[in-house]
Amino acid sequence: MAGRAQIPTNNSALIAMIADEDTVTGFLLAGVGNVDLRRKTNYLIVDSKTTVKAIEDAFKEFTSKEDIAIVLISQYVANMIRFLVDSYNKPVPAILEIPSKDHPYDPAHDSVLSRVRYLFSAESVASGRR
């Protein structure tokens, strides 16, 4: 297993959120929220005043922290930083795009689904099946 990436394991890992207020509130009520010793939260609430730069910074911060295992991001927010989401290729933290109340899920824009489709099409071509 020399070629496989090692996935770090911790006793506890966090879920980070980048989404609208209603979505983040729902996940906070479910127990996803965390505030560390430096008063940094594991979520970003995106509204009409949130800049793309703030979203990019939160995405980079969440994907570089070692205690985060999953980053949940609303699909419409992911579309704002699509270049970052599509270029991210590490197994942990996993990036999952979720729908929001005002923006329905569109499978055509989901980066994970597009990678799965690509892998299956490459496998079917390699094995001679179509």
Side-chain angles (χ1 to χ4, degrees):
M1 302 221 185
R4 298 192 97 166
Q6 291 294 324
I7 298 174
T9 57
N10 296 340
N11 290 340
S12 64
L14 300 173
I15 297 174
M17 292 275 315
I18 304 174
D20 60 281
E21 185 175 15
D22 291 340
T23 303
V24 171
T25 300
F27 277 92
L28 291 177
L29 289 171
V32 170
N34 185 58
V35 179
D36 65 13
L37 295 174
R38 293 171 295 172
R39 298 278 189 206
K40 290 278 208 168
T41 60
N42 65 329
Y43 58 88
L44 173 69
I45 296 175
V46 178
D47 58 15
S48 60
K49 298 174 190 157
T50 308
T51 64
V52 174
K53 174 82 169 113
I55 298 169
E56 290 174 5
D57 291 344
F59 182 84
K60 289 175 185 175
E61 177 187 347
F62 294 154
T63 55
S64 64
K65 290 177 76 173
E66 295 202 7
D67 61 342
I68 293 180
I70 300 171
V71 177
L72 298 175
I73 184 168
S74 289
Q75 192 175 49
Y76 83 96
V77 176
N79 287 336
M80 294 180 197
I81 58 167
R82 179 58 57 196
F83 62 97
L84 275 177
V85 174
D86 287 346
S87 65
Y88 183 80
N89 59 3
K90 295 178 185 171
V92 176
I95 309 299
L96 297 176
E97 296 179 31
I98 59 173
S100 65
K101 184 173 81 171
D102 299 327
H103 300 87
Y105 175 75
D106 182 7
H109 291 130
D110 191 333
S111 61
V112 173
L113 192 57
S114 66
R115 288 179 188 176
V116 169
R117 268 193 238 126
Y118 174 77
L119 286 174
F120 278 113
S121 67
E123 283 180 9
S124 64
V125 168
S127 66
R129 288 180 283 166
R130 258 290 165 184

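The first residue of the sequence shown is numbered 1, and numbering continues consecutively from there.
- Shown here are the salt bridge (charged side-chain N to carboxylate O under 4.0 Å, His left out) partners of Lys101, two or more places apart in sequence or in another chain: Asp22.
- Panel note: side chain Tyr88, backbone Phe83; no donor-acceptor pair is recorded below 3.5 Å.
- Using a 4.5 Å cut-off on side-chain heavy atoms (C-beta onward), Ile18 and Val46 make contact.
- The shortest non-hydrogen separation linking Phe62 to Val71 is CB-CG2, 4.0 Å.
- Asn42 pairs by the side chain to side chain donor-acceptor pair (under 3.5 Å) definition with nothing, not counting sequence neighbours.
- Scanning for ring pair (Phe, Tyr, Trp, His ring centres under 6.0 Å) contacts around Phe27 gives an empty result, with sequence neighbours left out.
- Legend: residues meeting side-chain contact (heavy atoms from CB on, under 4.5 Å) with Ala78, ordered by chain and number and at least two apart, are Ile73, Arg82, Val85, Glu97.
- Counting heavy atoms from C-beta outward, Met17 and Val32 have side chains that approach closer than 4.5 Å.
- Every side-chain contact (heavy atoms from CB on, under 4.5 Å) that Ile45 has, sequence neighbours left out, goes to Glu21, Val24, Tyr43.
- Nearest heavy-atom pair, Leu84 versus Phe59, reported as atom, atom and distance to 0.1 Å: O-CE2, 3.9 Å.
- Of the inter-residue distances, the one linking Ile98 atom CD1 with Leu72 atom CG reads 5.0 Å to the nearest 0.5 angstrom.
- The CG atom of Leu96 sits 12.0 Å away from the OG atom of Ser74 when rounded to the nearest 0.5 Å.
- Judged as a salt bridge (charged side-chain N to carboxylate O under 4.0 Å, His left out), and not counting sequence neighbours, the contacts of Arg38 are Asp36.
- The side-chain heavy atoms of Leu44 and Ile55, taken from C-beta on, include a pair separated by under 4.5 Å.
- Considering only residues two or more places apart in sequence or on other chains, Thr23 meets the side chain to side chain donor-acceptor pair (under 3.5 Å) condition with Asp20.
- Remark: Thr50 engages Asp47 in a side chain to side chain donor-acceptor pair (under 3.5 Å) (not counting sequence neighbours).
- Residue pairs meeting the salt bridge (charged side-chain N to carboxylate O under 4.0 Å, His left out) criterion with at least one partner in residues 53-64, sequence neighbours excluded, are Lys40-Glu61, Lys53-Asp57.
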>> One pair to check against side-chain contact (heavy atoms from CB on, under 4.5 Å): Ile95 and Thr63. What are the steps and the verdict?
In response: CA-CA 9 Å; Ile95 309 299; Thr63 55; 3.7 Å; yes

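- Atom CG in Asn34 sits 10.5 Å away from atom CG in Leu28 (nearest 0.5 Å).
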